[in-house]
Asker: 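If you scroll down you'll find the structure; I have some questions about it.
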Number of protein chains: 2
Amino acid sequence: MKQFRLINFFTLILLASILYSCNTELRQKEANDNAQDINIDPLPSWNEGQTKSAITTYVASVTTADSPDFIPIKDRIATFDNDGNLWSEQPAYFQLFFAIDRVKAMATDHPEWATEQPFKAVLENDMEELAKQGIPGLLKLVMATHAGNTTEEFKADVQGWVKTALHPTKKVTYDKLVYQPMLELLQYLRDNDFKTYVVSGGGVDFMRAFVTEIYGIPEEQIIGSRIKTSFEYNDGNPVIKRLPELEFIDDKEGKPLNIQKIIGKKPVFSSGNSDGDLQMMQWAASHTYKSFMLYVHHTDEVREWAYDRESHIGKLDKGLDQALKDGWTVIDMKNDWRVIYPFEK
Amino acid sequence: MKQFRLINFFTLILLASILYSCNTELRQKEANDNAQDINIDPLPSWNEGQTKSAITTYVASVTTADSPDFIPIKDRIATFDNDGNLWSEQPAYFQLFFAIDRVKAMATDHPEWATEQPFKAVLENDMEELAKQGIPGLLKLVMATHAGNTTEEFKADVQGWVKTALHPTKKVTYDKLVYQPMLELLQYLRDNDFKTYVVSGGGVDFMRAFVTEIYGIPEEQIIGSRIKTSFEYNDGNPVIKRLPELEFIDDKEGKPLNIQKIIGKKPVFSSGNSDGDLQMMQWAASHTYKSFMLYVHHTDEVREWAYDRESHIGKLDKGLDQALKDGWTVIDMKNDWRVIYPFEK
């Protein structure tokens, strides 16, 4: 466990700050024409209560043709943070485990890493030494595993990893650690003609490599941090090369900025779990349409993890204050969610 | 006309280089379920001939369930350049006219512009002097008219302008100068479950302000050049401020790079009219699926403009060579298009 406490610390200082820092006819036409059978619960993994009813009441109010809060379909933009919001993020961001695992997998082609930090520390599982390498060390780690290849090669790397790599404590592949209640919420929103987006501090190409089918969200609706790239014609077989330089960190202010750049519309539904999502929440809260701000509060130390204001990963402090002050909906994971992961169903 | 030749020269050197530099069941399910009545021509403004039949043959081949070239709906990504491809770009990019008109509209609040270049030149319609101001002058012009305000304010500026500003020679508002055959092509592709995108060297927020309804393309499917932005909480009324610094030029190599960043998929259908679109064409041409590359060749000096290899705007030279060599489809505007603009119908 000491190893993971060190990784926590490490990600606090480094990953968190770098990779993440983390008109009646028309209305009738656009009203929910795929209305669910009223007897079928669209959110079966959610316990009955204020949180669940706040969600369903909101969705009904903005999709009912004669409601004063009706929102046209084109403006039903829903944005979801990923780490700690759609899947777990403890004891460290999954993408850090990918970087560590990749260094080990790539080590045979890099004999120089046996004596070169931070690779030596990773290969020797010496997390204390790795932490000592600081930000320059982490950048070297990330760039060695995320750059220098083409977009297609990187995608294959991630897809190969996710098939076999096991989460250190849950002992399942990482793709199993998504939240069943959130999968249901995503589908419920789409059934009500919301366009669902991931807006994450995580690397966009890392996520796109395997979450589209799990979340039911296509590549073009996944937004994240990214490194610079270059185009090479390559004698008629063009490639896009991944360069070892950060281009955009999709966290904090970066989230509304990236939403404006890529979507060009303010979201009406925003969901996150940390202070890194606060600006996205504030942006949605300022919508002229009735909007919905949803925070996941990690309160289940048995089935998942319990952490908030003091956490080194997914710190929820200022965000929790504003949620309580402004009446945003806060999910109490322990009490609101009947199951956490799909395999618990 | 001298004025416009100078603007042409100006945009050659400056705008062009800066703002632009410019399995069976599933298949059956995804096959065109909105098949058009075979008796209704989806492209009525296109004359019969090789160009039109190349398009319709391609679309049929990739949307027919039992075709060896079938493409699943999720991969039917179509990307269109804007200037000179969906609307006219002569005698200068429309966005430059916007900048010039804005300087004139804003001049009463900027008495200092009466003596300060490049504003003085614009206010005195002295295009010769404006050209002398070079790249620094153009940047000052662009930043004074495109930055320093919020995204909402800029949108209102553009929307106000497009309602009244007239094109210098066509004497109609700029939104009238879209190509009717391309509007039909966009709709035809969407009817066949393609997702249509604009991928332009033009400013993304300039385009989004008024082309979504004209093209039937939502904000989130419009990609372009952009300047930097900042998020301000503004006591609970957050704004995104437009900063006077270029962030990304969506031209040449920038097009496939931006497509990968934002869409995350290679297009199967790519349409452009200049060498600035060549890399996007090459990227689509390298798809594992059968792809379609379409160049607009400006050959109609009577109804529109005729220009290609030697043009200062929308230069089509290397692109034309590769199109001819690789068998890409080239639209002969004069002979392939029955009408150019919607008002000619």
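So you know, we letter chains A, B, ... as the sequences are listed, proteins then strands, and number each from 1.
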Asker: Between chain B and each of A:L257, A:V239, A:I262, count heavy-atom pairs under 4.5 Å; write down the option with the most.
Answerer: A:L257

Asker: CD of A:E253 to OG1 of B:T229: how many Å apart, nearest 0.5 Å?
Answerer: 11.0 Å

Asker: Find the one option among A:K265, A:K155, A:E247 whose heavy-atom pairs under 4.5 Å with chain B are most numerous.
Answerer: A:K265

Asker: With a 4.5 angstrom heavy-atom cut-off, is it the side chain or the backbone of A:T151 that approaches chain B, or both, or neither?
Answerer: side chain

Asker: With the side chain counted from C-beta on, respond yes when A:D205 and B:Q260 share a heavy-atom pair under 4.5 Å apart, and no when they do not.
Answerer: yes

Asker: Supply the atom-to-atom distance B:T212 OG1 to A:K74 NZ, rounded to the nearest 0.5 angstrom.
Answerer: 7.0 Å

Asker: Once you round to the nearest 0.5 Å, how far does OH of B:Y233 lie from CD of A:Q322?
Answerer: 4.0 Å

Asker: Heavy atoms only: give me the nearest B:R208-A:I263 pair and the separation to one decimal.
Answerer: NH2-C, 4.0 Å

Asker: Under a 4.5 Å cutoff for heavy-atom pairs, which residue among B:G254, B:S286, B:P256, B:P238 has the most contacts with chain A?
Answerer: B:P238

Asker: Rounded to the nearest 0.5 Å, what separation is found between the CD atom of B:Q221 and the CD atom of A:E220?
Answerer: 8.0 Å

Asker: Determine whether more than 12 heavy atoms belonging to other residues, nucleotides or ligands lie under 6.0 Å from atom NZ of A:K290.
Answerer: yes

Asker: If we define contacts as heavy-atom pairs under 4.5 Å, which of B:K266, B:K195, B:E232, B:K228 has the most with chain A?
Answerer: B:K195

Asker: With a 4.5 Å heavy-atom cut-off, do B:K261 and A:V204 have their side chains touching?
Answerer: no

Asker: Which atoms of A:S230 come close to chain B, meaning under 4.5 Å heavy atom to heavy atom: side chain ones, backbone ones, both, or neither?
Answerer: backbone

